[in-house]
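First the proteins, then the strands, lettered A, B, ... as listed; each starts at 1. It should be emphasised that the depicted structure is a prediction, and the values quoted were computed from it without experimental measurement.
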There are 2 protein chains.
Amino acid sequence: MNFSVSEENYIKCIYHLQQDTGMVNTNALAAEMQTKAASVTDMLKKLSSKKILQYEKYHGFKLTDNGRKVALSVVRKHRLWEYFLVEKLGFEWDKVHDIAEELEHISSNELIERLQQFLGNPSFDPHGDPIPDSNGKIPKLNQVNLATLQLNKTAVVSSVANQSPQMLEMLKHYSIRIGSSIKLLKRFEFDGSLEIKVGKQASCIISEPIAKNLFVHYE
Amino acid sequence: MNFSVSEENYIKCIYHLQQDTGMVNTNALAAEMQTKAASVTDMLKKLSSKKILQYEKYHGFKLTDNGRKVALSVVRKHRLWEYFLVEKLGFEWDKVHDIAEELEHISSNELIERLQQFLGNPSFDPHGDPIPDSNGKIPKLNQVNLATLQLNKTAVVSSVANQSPQMLEMLKHYSIRIGSSIKLLKRFEFDGSLEIKVGKQASCIISEPIAKNLFVHYE
DNA sequence: TTTTATTTTTAGATTTGTCTAAAATTTATT
DNA sequence: AATAAATTTTAGACAAATCTAAAAATAAAA
Ligand SMILES: [Mn+2]
Ligand SMILES: [Mn+2]
Ligand SMILES: [Mn+2]
Ligand SMILES: [Mn+2]
């Protein structure tokens, strides 16, 4: 079946919301989609009639198996394009989201399969988010918040929660990237800030808010 | 100013039509856009009010300077994406048009500038059509139809008029590509077929219809 | 358990892009 | 010049996606 740009954006958005909250409600979706609740209800009816949603009036909704499949294919395209934009075209990671938001709706399947190959079958996008494969399987990574890392352990940065330009600026300053190895040297009681060693650089101190935005995995 | 996908498709189509015929008429545009004359009239009014067209009721229309600028930017994007699809993703040239028809509407200017650089600033797309630069300037090539080439002259294939899979199959058989050098050895009176030498291969004979679809330039 | 507040849905309009059928205009033919 | 044919435009309708304002249903508070 074929979906409009608008439908695909709704489906993807519902997918992301239900990752957190299980069943999704109208107002939350309206807020996330930057539209009005009435518009959401209209779309819910439509997606429901297309068997994308399990939808009970007044009682929330969630994706069907097929709906989740559609969502994952859009997510896959989004993240592969983001990878392309950063790795091949040299964009900064905080500039790619809006462009990928358009590119994810290009319909050709062969295009996305070839793109994936051309990129070397990446598993994670520039923000560290996993890229579903063509069957909708998502690579998993046992990641843990940097703020909760054990003392004197070394781990590798795997993703960043806040992907704003402000965060990017901060991380650039510390030369922290996805893939950087970080060793936790000391945790300061006073404000929760951490002394860390990034790669082979001299140790430095990062604030708790920064640490909480960074996820790492072992080995 | 911003244009919808539909508007951009119309503008580009008008541009191509007026290359041949000067002033464009409603029915021709409807045929090319695979739609109805009434729909075209509606769009003409809209584009006219946006100063994209000089439009006189019942008397045809053509693009304004600004309209031509918009058209060229869409053509530019179309051809750069086609180049990407063939040269980077390994598509055959007869498979790329429809995909580029979607990709040409991605709006980011920075994207297209970076894409151009990434591709090495190509001047011609996989079909041999010129790629306008960011100012709308079009590279020119003094090309001539292969059927009219002088005897015993060597020239380089620069573009192909008919870009169908059938034509591609034919050209593959003869190992003729854009950039192939061709020497005209003999012209047969009977049916206009030509004996040619492609690169360093043994000479072969091509039919007049094939020859008429191939354009070449000297040196 | 009423009453109040919040959430969600419906009703009715609007915009964009399309269509068919009919009217208007131009072009071609007698 | 009058008539026929072709082209183009208008009139009116429709589907998709959105909106505002009002009604209906549910949840929370008194
Ligand atoms: Mn999108
Ligand atoms: Mn991402
Ligand atoms: Mn297009
Ligand atoms: Mn082309």
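- Residue-level contact check: B:Y10 touches the backbone only, with heavy atoms under 4.0 Å from sugar-phosphate atoms and none from bases.
- Without hydrogens or angle criteria, A:Q18 side chain to A:L63 main chain gives a donor-acceptor distance under 3.5 Å.
- Residues of residues 15-45 of chain B that place a heavy atom closer than 4.0 Å to DNA chain D, in numerical order, are B:N25, B:T26, B:N27, B:A37, B:A38, B:T41, B:K45.
- Between A:E7 and A:K50 there is a salt bridge, since at least one side-chain N of the basic residue sits less than 4.0 Å from a carboxylate O of the acidic one.
- The closest side-chain heavy-atom distance from B:E102 to B:V5 is not below 4.5 Å.
- Atom CG in A:N9 sits about 17 Å away from atom P in D:dA16, given to the nearest Å.
- For the residue pair B:S193/B:E208, the side-chain donor-acceptor check at 3.5 Å is not satisfied.
- Side chain to side chain, B:H127 and B:E82 meet the donor-acceptor criterion of an N or O pair below 3.5 Å.
- Near DNA chain D, meaning a heavy atom under 4.0 Å from it, residues 49-58 of chain B has B:Y55, B:K57, B:Y58 in order of number.
- Rounded to a whole Å, the NE2 atom of A:H59 is 13 Å from the C1' atom of C:dT9.
- The number of heavy atoms from other shown groups lying within 6.0 Å of NZ (A:K62) does not exceed 12.
- Within the 4.5 Å cutoff, no side-chain heavy atoms of B:Y218 are placed close to those of B:V156.
- The distance from atom CZ of B:F61 to atom C1' of D:dT9 is 13 Å, rounded to the nearest whole Å.
- A:S6 has no side-chain polar atom (N or O) that falls below the 4.0 Å cut-off from OP1 or OP2 of D:dA16.
- Ring centroid separation for the pair A:F84 and B:F84 comes in under the 6.0 Å cut-off.
- For D:dA16, the OP1/OP2 oxygens have no side-chain nitrogen or oxygen of A:S4 closer than 4.0 Å.
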